[in-house]
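Inspection log for the structure reproduced underneath, given as structure tokens.
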Amino acid sequence: MSDTLDAQQGALRSQLLDQVAAAADLAALDAVRVAALGKKGAITDLMKGLGGLTPDERREAGQKLNALKDEIAAALDARKGALEAVELESRLAREGLDMTLPARPQARGRIHPISQVVDELTAIFCEMGFSVAEGPEIETGWHNFSALNIPPHHPARQMHDTFYLPDQDGAKDADHAETVLRTHTSPVQIRTMLEEEPPIRIIVPGRTYRSDYDMTHTPMFHQVEGLVIGRDITMGHLKGCLIEFCKRFFEVDDLPVRFRPSFFPFTEPSMEVDIGCSRKGGELVIGAGDDWLEILGSGMVHPQVLRNGGIDPDIYQGFAFGMGIERIAMLKYGIPDLRTFFEADVRWLEHYGFEPSDTPSMAYGLTK
Ligand code: DAH
């Protein structure tokens, strides 16, 4: 009996040890464990059979079975450790990270100061009830000059350093045949008056062109035009609107604003607007101080300009203004050289540019 048991156990032992050694992964090894030591496992079965033996036989066979059980359990543990190590190795190889790679670079796109300032002034004027208008960058001499009270041969035409394009065929007169890159955004005043009935309240941000190049001039630059037409628009409205704009744009509540008599062919009277500043030790500070900075031109729309726009000056009047976007951007953000705006240098843009997500708004602030 005991010999038979010994033979049985010996066969089971070598069979189980072979199976443990052959288990190729943790799942296969667990199946071997269940088949040996589980509730219905081979060793468990033999344990159950001990009940039918005499006490002496049971002690001896029991000790041998326990030894077998321990040996198999130890073999299972050892194999499990080996398989886990293999699996870890292959996972490490599979999921390997190269720690010498550079970290993901920061997105480098920035909003150009021109776009930023256009968004800022749009936010300010739109809150005042203005809407944004546009016009073509290639204009006729009539829209760019004559309709704005600058007749051919007027000295103001020479002052504009105009880029001329070939005359257009089939135009109704020489003034409409003459084709130029617009020298200012003012022609959009005429186009808007011809298209819309008053009341009119528009701003026109856009590109303008003059043949000039130095520290403060580039052949392409930007202006924003403003036009307000209604039955009882007065110089009081002009002043209130522009004073409010200056304070909000430069974000200085007690900013001094000065209106100085000037001349533009398309406004009468005409004024230039200055804001207060101080220059201490070479640094320009905008706000109450002992100096002034010119920032824009303005005036009451000339009656002849209203007529050219198809509007009766005996019923309507209005005001207009125009300013250089680069100039106010340079003043607000301390950018010293105009030409750098158009050099497309990423280092410059990283320094002077704005976060794409910080859209200017009156509610959340113009600049973060
Ligand atoms: N168009 C003028 C320029 O380019 C700027 C300007 C001045 C526009 C007075 C206006 C204005 O509308 O009223 O220098």
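Both counts, for ligands and for their atoms, begin at 1 and track the order of listing.
- Below 4.0 Å from some heavy atom of Gly297 lie the following atoms of ligand 1, by number and element: 7 (C), 9 (C), 11 (C).
- Glu137 CD to Thr185 OG1: the interatomic distance, rounded to the nearest 0.5 Å, is 11.0 Å.
- Residue Phe321 has at least one nitrogen or oxygen atom sitting less than 3.5 Å from a nitrogen or oxygen atom of ligand 1, judged on distance alone.
- Side chain to side chain, Glu225 and His184 fail the donor-acceptor criterion of an N or O pair below 3.5 Å.
- Every atom of ligand 1 is numbered from 1 in the order shown, and the set under 4.0 Å from a heavy atom of Thr267 is 13 (O).
- Annotation: atom 12 (O) of ligand 1 to nearest protein heavy atom, Glu225 OE2, 2.6 Å.
- In this structure, Phe319 falls outside the shell of residues with a heavy atom less than 4.0 angstrom from ligand 1.
- Of the possible donor and acceptor atoms, one in the side chain of Arg210 sits under 3.5 Å from a partner among the backbone N and O of Thr183.
- Within the listing of ligand 1, atoms 3 (C), 4 (O) sit less than 4.0 angstrom from a heavy atom of Gln223.
- Among all non-hydrogen protein atoms, the one lying nearest atom 5 (C) of ligand 1 is Gly322 CA, 4.2 Å.
- Remark: of the listed residues Phe266, Phe125, Phe264, Phe125 is the sole one forming a ring-ring contact (aromatic ring centres under 6.0 Å, His included) with Phe321.
- Atom 11 (C) of ligand 1 has as its closest protein heavy atom Phe266 CE1, 3.5 Å.
- Close contacts between ligand 1 and Ala320 involve ligand atoms 12 (O), 13 (O) [criterion: under 4.0 Å to a heavy atom].
- Ion pairing of Glu244 with Arg248 is present here, as a side-chain N (NZ or NE/NH1/NH2) and a carboxylate O approach within less than 4.0 Å.
- Using a cut-off of 4.0 Å between Lys/Arg side-chain N and Asp/Glu carboxylate O, Glu294 and Arg327 are scored as not salt-bridged.
- With hydrogens and angles left out, the side-chain atoms of Asp290 and Ser278 include no donor and acceptor closer than 3.5 Å.
- The proximity of Ser186 to ligand 1, defined as any non-hydrogen pair under 4.0 Å, is limited to the side chain.
- Residue contacts with ligand 1 include Arg210, since one or more of its heavy atoms lies under 4.0 Å from the ligand.
- A donor-acceptor distance shorter than 3.5 angstrom exists from the side chain of Glu57 to the backbone of Thr54, with no hydrogens or angles considered.
- Interface of Gly299 with ligand 1, defined as ligand atoms under 4.0 Å from a residue heavy atom, comprises 13 (O).
- Those atoms of ligand 1 that come under 4.0 Å of a heavy atom in Gln189, given as number and element, are 12 (O).
- Ser115 and His112 are not linked by any side-chain donor-acceptor pair at a separation below 3.5 angstrom, with hydrogens and angles left out of the test.
- The shortest separation from a heavy atom of Met323 to ligand 1 is not under 4.0 Å, leaving the residue out of contact.
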